[in-house]
Trainee: 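I have a structure I would like to understand better, so I am pasting it below and will then ask my questions one at a time.
On a predicted model such as this, the values are computed, not experimentally measured, just so you know. Note on naming: letters A, B, ... go to the chains in the order of the sequence lines (proteins, then strands), and numbering restarts at 1 for each one.
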There are 2 protein chains.
Amino acid sequence: MKHRDRTETNLLDPRLLRLFDALFTTGSVTKAAEKLGQSQPTISIWLARLRAELDDPLFIRSAKGMLPTPRAEALIGTARQALEMLRRLAELRTDFDPTTAKRRFAICMTDGSHVTLLPSILAHVRRVAPGVRIEATQIGADTPRMLQSGEADVALGYISDLDAGHFQQALFPQDWVCLANAKHARIRDRITAKDFRREAHVLIRSGTGHQLLAGALQEQQIVLDVALELPGFLGLPAIVGTTDLLATLPRHIGETLAHYYGLRVLNCPLPIAGFTVKQYWHARFHHDPASQWLRGLCAELFQQQEVRGLHRSGRPKKRVPRDLQSQ
Amino acid sequence: MKHRDRTETNLLDPRLLRLFDALFTTGSVTKAAEKLGQSQPTISIWLARLRAELDDPLFIRSAKGMLPTPRAEALIGTARQALEMLRRLAELRTDFDPTTAKRRFAICMTDGSHVTLLPSILAHVRRVAPGVRIEATQIGADTPRMLQSGEADVALGYISDLDAGHFQQALFPQDWVCLANAKHARIRDRITAKDFRREAHVLIRSGTGHQLLAGALQEQQIVLDVALELPGFLGLPAIVGTTDLLATLPRHIGETLAHYYGLRVLNCPLPIAGFTVKQYWHARFHHDPASQWLRGLCAELFQQQEVRGLHRSGRPKKRVPRDLQSQ
DNA sequence: ATCCATTATTGTGAATCGCAATGAAGCACC
DNA sequence: GGTGCTTCATTGCGATTCACAATAATGGAT
């Protein structure tokens, strides 16, 4: 059948367990063969192997059929338990039912996403998955480690240099806008590059976008008149709404804040590289039904179009999950 | 690995279960290979098969080694339980310890054996196996069926035409003797054929020996003067001890009765075929430790020399158990 | 002794196995 | 970004095992 394992007692092949069960039940090698879908000679050979491995004749031929020995009777219970356990192993499925699930999902995101993405996620989850709790955590240097360890389930945003072993899916593209006071004395429906250089600005010193903005300014050797720097978005709408300062932001957060606070949104005159907001997760969880549900939810809520990830050797280094597209 | 069973979900090969366990424990295909005594490529192939059969990657490569997926974590407990059950199956032994055993043994025997064999068996059993109970049952036409079904464990005596599926072991040979009153008026130290024909006799109309005796008489056309027929041995000693009647018996029972009741034992002048007292048991119980113990006991108590059983096609129809000789 | 149904054995073409050799991948280091 | 190391995945191939048709052996009935 197979080479004897060098390190441990030979364990019974499941087919021999099935044979044991079938022969005990039917008392006939011929009937057991039919039951197991094999020929009678094959089953006779299996019986010989079973006898050798259990060191007992197990079944003795008689006019009444094959009768079990005391050892067969002693072993059949354990054999059937082993079979049942193997069947259970083969059949075990773990589905995820949002309507009944009780678990916590940790989502890494920038604090900007607290405004743009989290409210939609939360509203949806509260409606369809009442037992689910969402925890928002910061995107940072240890986000990849948190995704791998399972401390975080998914990351939303833009991570420029993710290790192997992670999947990513594009959600929506981002370009840049300027926010201005709706009653700004000098800025009406559009802003020129000249305006942009002249006016005073407020900067947010955090998040992915900040690094891209700073890079573009340096690249184009533009020195802005930065009247104020904020560590986050919290006070930004109040500042822009009561001063003549301009703020330059990724479109999504910009339009969202403008909407809530009655600010003016203008296309940014400065050419700044856009980027794609994506969701990221570790390959360990790729097939996990719970993780699939969460990612499907985010895709449903935020996905506009898909952009292929980076490639090497014909296979994605950071793979785009095909199955998510068919969900 | 092996053809997919046609009738049922494929169950995991125990080697794959061992791999699952080893990989979960070590986090390394290379280390798992060492543990399982296979090469690394072999184990990589096994892992591929495990992944296919469980429909999940199970372990994802990372700098920390192979990390389990949620499905692997969900299945490992059941996999380990299945492994444990298989090990238990491989290791299960059923010994028989006479000093502690509590069970009943049914021994088929003629009522003559109640006198010749049972007392020795009982004395021994009471000394070394206090929890064992002996039940003596009649040897008869259904003795083979009782041996096969387990209603009887062993039969002691002479069964002339036993079916297949039974073992037998010779215990001791039997020839014939005559019993006479120690104060018999005419019979002193020897009995002639003439004496035998002239004297009145008492016959026991039961047991194996009776048929042999009757056959011999008919074959030699001898008509005995039968003054009394008894259904069994019960009253025999009293009759022979108080009359001049002769009794013709197998030697063992004859000498035993003579010993107890002070009767005279004489070699039978009539040539009557001897026979061998054997113990018989069904092949189902051949390897059963309890049955082996009982048979060993009987051999120890009664065995004098061994006579081979009948043969056909080079193999005993009623097999002589070699292993019993080495016990 | 013959016959029947069932189990055991044999010979063989087909399938699968384990592993050496090597490619691919993940990461540390420069 | 390139290089090197360790580990996992893949390929090709000789060796081993498999299932089964054909048939022998066996247990019992007649």
Trainee: Please tell me if A:R15 has a side-chain N or O lying less than 4.0 Å from either OP1 or OP2 of D:dA19.
Mentor: yes
Trainee: Closer than 3.5 angstrom, by distance alone: can the side chain of B:R51 be matched with the main-chain N or O of B:D56 as a donor-acceptor pair?
Mentor: no
Trainee: Starting the side chain at C-beta, find the nucleotide from C:dG18, C:dT9, C:dC27 nearest to A:A164.
Mentor: C:dC27
Trainee: Rounded to the Å, how far apart are A:R49 CZ and C:dT9 P?
Mentor: 13 Å
Trainee: I need the CD-P distance between B:E34 and C:dC19, as an integer number of Å.
Mentor: 13 Å
Trainee: Given side chains that start at C-beta, do those of A:T25 and A:K35 come closer than 4.5 Å, heavy atoms only?
Mentor: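 Sidechains of A:K35 and A:T25: in contact.
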Trainee: How close or far is atom C1' of D:dT10 from atom CG of B:L47, stated in whole angstroms?
Mentor: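 Roughly 13 Å, once rounded to whole Å.
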Trainee: Between the main-chain N or O of A:H166 and the side-chain N or O of A:Y280, is there a donor-acceptor pair closer than 3.5 Å?
Mentor: no
Trainee: Between A:R71 and B:D288, does any side-chain N to carboxylate O distance fall below 4.0 Å?
Mentor: no
Trainee: I need the CG-C1' distance between A:L58 and C:dA8, as an integer number of Å.
Mentor: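 Rounding to the nearest Å, CG of A:L58 and C1' of C:dA8 are 16 Å apart.
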Trainee: Tell me whether A:T26 contacts the main-chain N or O of A:A22 through its side chain, where contact means a donor paired with an acceptor under 3.5 Å.
Mentor: yes
Trainee: Under 3.5 Å, is there a donor-acceptor pair between the side chain of A:Q220 and the main chain of A:P271?
Mentor: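 Checking the backbone N and O of A:P271 against the side chain of A:Q220, a donor-acceptor pair under 3.5 Å is found.
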Trainee: Do any of residues 19-31 of chain A sit with a heavy atom less than 4.0 Å from DNA chain D, and if so which?
Mentor: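 Residues of residues 19-31 of chain A that come under 4.0 Å of DNA chain D do not exist, since none gets that close.
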Trainee: Atom CZ of B:F167 to atom P of D:dG27: distance rounded to whole Å?
Mentor: 11 Å
Trainee: Starting from P on D:dT11, measure out to CD on B:Q40 and report it in whole angstrom.
Mentor: 15 Å
Trainee: If the cut-off is 4.0 Å, is B:Q38 near the phosphate of C:dC19, judged by side-chain N/O to OP1 or OP2?
Mentor: yes
Trainee: Side-chain contact test, heavy atoms from C-beta onward, threshold under 4.5 Å: evaluate it for B:R15 versus A:L11 and give yes or no.
Mentor: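 Result no, sub-4.5 Å side-chain heavy-atom pair not found.
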Trainee: Near DNA chain C, which residues from residues 62-72 of chain B have a heavy atom under 4.0 Å away?
Mentor: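 By residue number: B:S62, B:A63.
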Trainee: Closer than 4.0 Å, any side-chain N/O of B:R51 to the OP1 or OP2 of D:dC8?
Mentor: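 No.
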Trainee: Are the ring centres of B:H286 and B:F167 closer than 6.0 Å?
Mentor: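 Centroid distance B:H286-B:F167: below 6.0 Å, so yes.
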Trainee: Could you give the CG-to-P distance, from B:D13 to D:dT17, as a whole number of Å?
Mentor: 15 Å
Trainee: Pick the nucleotide of DNA chain D nearest each of A:P41 and B:Q148; which residue has the one closer to the 5' end?
Mentor: A:P41
Trainee: Are A:F20 and A:W46 close enough that their ring centres sit under 6.0 Å apart?
Mentor: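 No - the distance between ring centres of A:F20 and A:W46 does not fall below the 6.0 Å cut-off.
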Trainee: Of the nucleotides C:dC19, D:dC20, D:dA25, which has the atom closest to the A:R61 side chain?
Mentor: D:dA25
Trainee: Which part of the nucleic acid does B:I45 contact within heavy-atom distance under 4.0 Å: base, sugar-phosphate only, or nothing?
Mentor: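 Result for B:I45 = base.
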Trainee: Go through the structure and list residues passing side-chain contact (heavy atoms from CB on, under 4.5 Å) with A:E219, not counting sequence neighbours.
Mentor: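 Once residues adjacent in sequence are excluded, A:E219 has no partner under the side-chain contact (heavy atoms from CB on, under 4.5 Å) criterion.
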Trainee: Between P on D:dT7 and CD1 on B:I43, what's the gap in Å once rounded to a whole number?
Mentor: 16 Å
Trainee: Where the side chain of B:T42 is defined as all heavy atoms beyond and including C-beta, which of C:dA8, D:dA19, C:dC19 is the nearest nucleotide?
Mentor: C:dC19
